[in-house]
Amino acid sequence: MSKIRVLPNDVADKIAAGEVVERPFNVVKELVENSLDAGADKIEIELIDGGLSLIKVSDNGIGIEKEDLPLTIKRFATSKISNYEDIFNINSFGFRGEALAAISSVSDFSIKSNGYELRVNFGKIEEIYPASFNPGTIVTVKKLFEKIPARHKFLKSPIAEFKEIIKLLKHIALLNYNVSFKLINNNNVVLDLKKDSNMISRAKKVLDENYNFIMINYQNEIKITGVITPPNIQKLSKDNIFIGVNKRAIKDNQIIQAVIQGYYRKLPENRYPVAVINIEIPPDQIDVNVHPAKLFVRFYNSRLIFKEVYKAIEESLDNKSSNLIDNHNIINQNVQKNIIKEQDIKYTVDLTQMVNIIDIETTDNNDDFEELLNNEFKIIGQLFDTIILIEKDNELWMIDQHIAHERVLYEKLLNNNETVSSIYLTEPILINLDDDLLTFCEKNREKLLKCGLDFEEFGKNIIKINAVPNQFLNMNIEEEIKELIANSANDIDENILEPIFLNMSCKMAIKAGEKLLKNEMYEIVLNLLKCSNPFTCPHGRPIIYRVSKEEIFKRFNRQ
Ligand code: ADP
Ligand code: MG
């Protein structure tokens, strides 16, 4: 008897739904993008419990005809494309016709437009009812995944879900500044943005009224618009760099890196700007169909994009900063070390001004994340800026931050879970190597590429470096590369599987003496515990030192 069967449509829909919608975040994204596609300039998003109980999106867009209502929730039914080639030339956010099919198969769903409402209960279509008239469209999603326990259990707490949604909406609202957005959660108005006429005024409302944003209006091989902060704003994380392509909110580490590179020598190491960058590019230059939730896109010429973004930032900053203090190198070095040396006293006035307005985030509130992990371990803090202290299984664990991080990175590289993100150099670097090292490089090209190093042979004993790991950016690039190659070629310890990876990990890992935020500590420890060998580094040094509760209590004569 045949064992293979074609799955019924409702089962297929529910499976496909898992790819498009994972959590309330994705639902909000799809619904808001539909509203934007419908030409709405007023969108209201109402949530209960961070979207877990209710997500309602109302817009003033073109609406839907009664006879089209049932088609909206059919898989691969869309008004936006008609043949396959179209997806290489779309101006709309949606095109796969999948979102509403997916969402309506895993929730108590309703879509209402032009005086009619269609309701779907976890994939079961109810009939179309006459409803009160509303301009545009209202989509309501209740009880997301409630009848699908396998998916429901992966949802986070309402606060965690809500935080992701608010971040997303800020991202979308920054790019679509000429649309008004209102976000309500549990009856509290969280965002209320009237239409803006330019990105600066939107950015001030969404990010910070006090920032003196610099407008970017760059047109070369591609067009880049956006706003960025001057170098006196210094954030501890990259979370305030928002990227868009044709106003679509996307995630792209390469582009974020290009933004950071645009601040080269203007910001201290590990400090980041606030930026909103919109890349305007003909739709046939990108592929938006590479990710089911459309969070990532592929650029056909990512190298050009990188270079252009970098140049757009650098030029805008240079135009602006000429009237600022022209010796920002010295100033930034001082800010970085938090000291003002005597010989620089002549800059003191500028320096103190500079230091005073520097906005360094010190809060790291990450409550939900902590809540989740507290069962596994609890971060106590950082000792001597070098050792992470945690409480775990009735023990005190002291973890060396540098070698812990090194171990994490090493295993990730080894297990192919990570490639180091790299930066294309606008001017390649030529490096002289002796025969042995050159042979070593040629033999290990793949591994070096994984470490972010892209090179080619360039005449006798010379290699031309095209791309380097991000970490090298603020360093002496040539020296770092030579050292990496030489160390890796010399490391012959048999405990080390891949010397290149180990040397790279060592370079990338946070150093002893670096202050860490609590969430950074969480990340290191969490990843360390996932390692196959969390306790010793490949060179044999211990990573973790444990003391039991009994032992500690004994010291205090406590039973
Ligand atoms: P896609 O956006 O990929 O076309 P969806 O499943 O998100 O697929 O939506 C299916 C269709 O329903 C859209 O092509 C559009 O015609 C219609 N639609 C969805 N939401 C709205 C809305 N808010 N306003 C007008 N039409 C909408
Ligand atoms: Mg859509």
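Order of appearance sets the numbers: ligands from 1, and atoms from 1 within every ligand.
- Remark: side-chain polar atoms of Glu308 are paired, donor with acceptor, to backbone N or O of Ile222 under 3.5 angstrom.
- By the side-chain contact (heavy atoms from CB on, under 4.5 Å) test, Lys205 pairs with Leu193, Asp196, Glu209, sequence neighbours left out.
- Of all the atoms in ligand 1, the ones that sit under 4.0 Å from a non-hydrogen atom of Ala99 are 6 (O), 7 (O).
- Heavy atoms from both the backbone and the side chain of Leu100 come within less than 4.0 Å of ligand 1.
- The shell of residues lying under 4.0 angstrom from ligand 1, judged by heavy atoms, includes Gly63.
- Of all the heavy atoms of Asp68, none lies under 4.0 Å from any atom of ligand 1, so neither backbone nor side chain is involved.
- Contacts with ligand 1 closer than 4.0 Å are made by heavy atoms of both the backbone and the side chain of Thr72.
- Here Ala38 has side-chain heavy atoms under 4.0 Å from ligand 1, and that is the only part of it that gets that close.
- Considering backbone and side-chain atoms together, Glu30 places no N or O closer than 3.5 Å to any N or O of ligand 1.
- A distance-only check finds a donor-acceptor pair linking the side chain of Arg202 to the backbone of Val179 [under 3.5 Å].
- When the side-chain hydrogen bond (donor to acceptor under 3.5 Å, both in side chains) test is applied to Thr225, the partners found at least two apart in sequence or on another chain are Glu280.
- Looking only at distances, no side-chain donor or acceptor of Arg445 sits under 3.5 Å from a matching main-chain atom of Asp454.
- Only the backbone of Glu98 comes within 4.0 Å of ligand 1, judged by heavy-atom distances.
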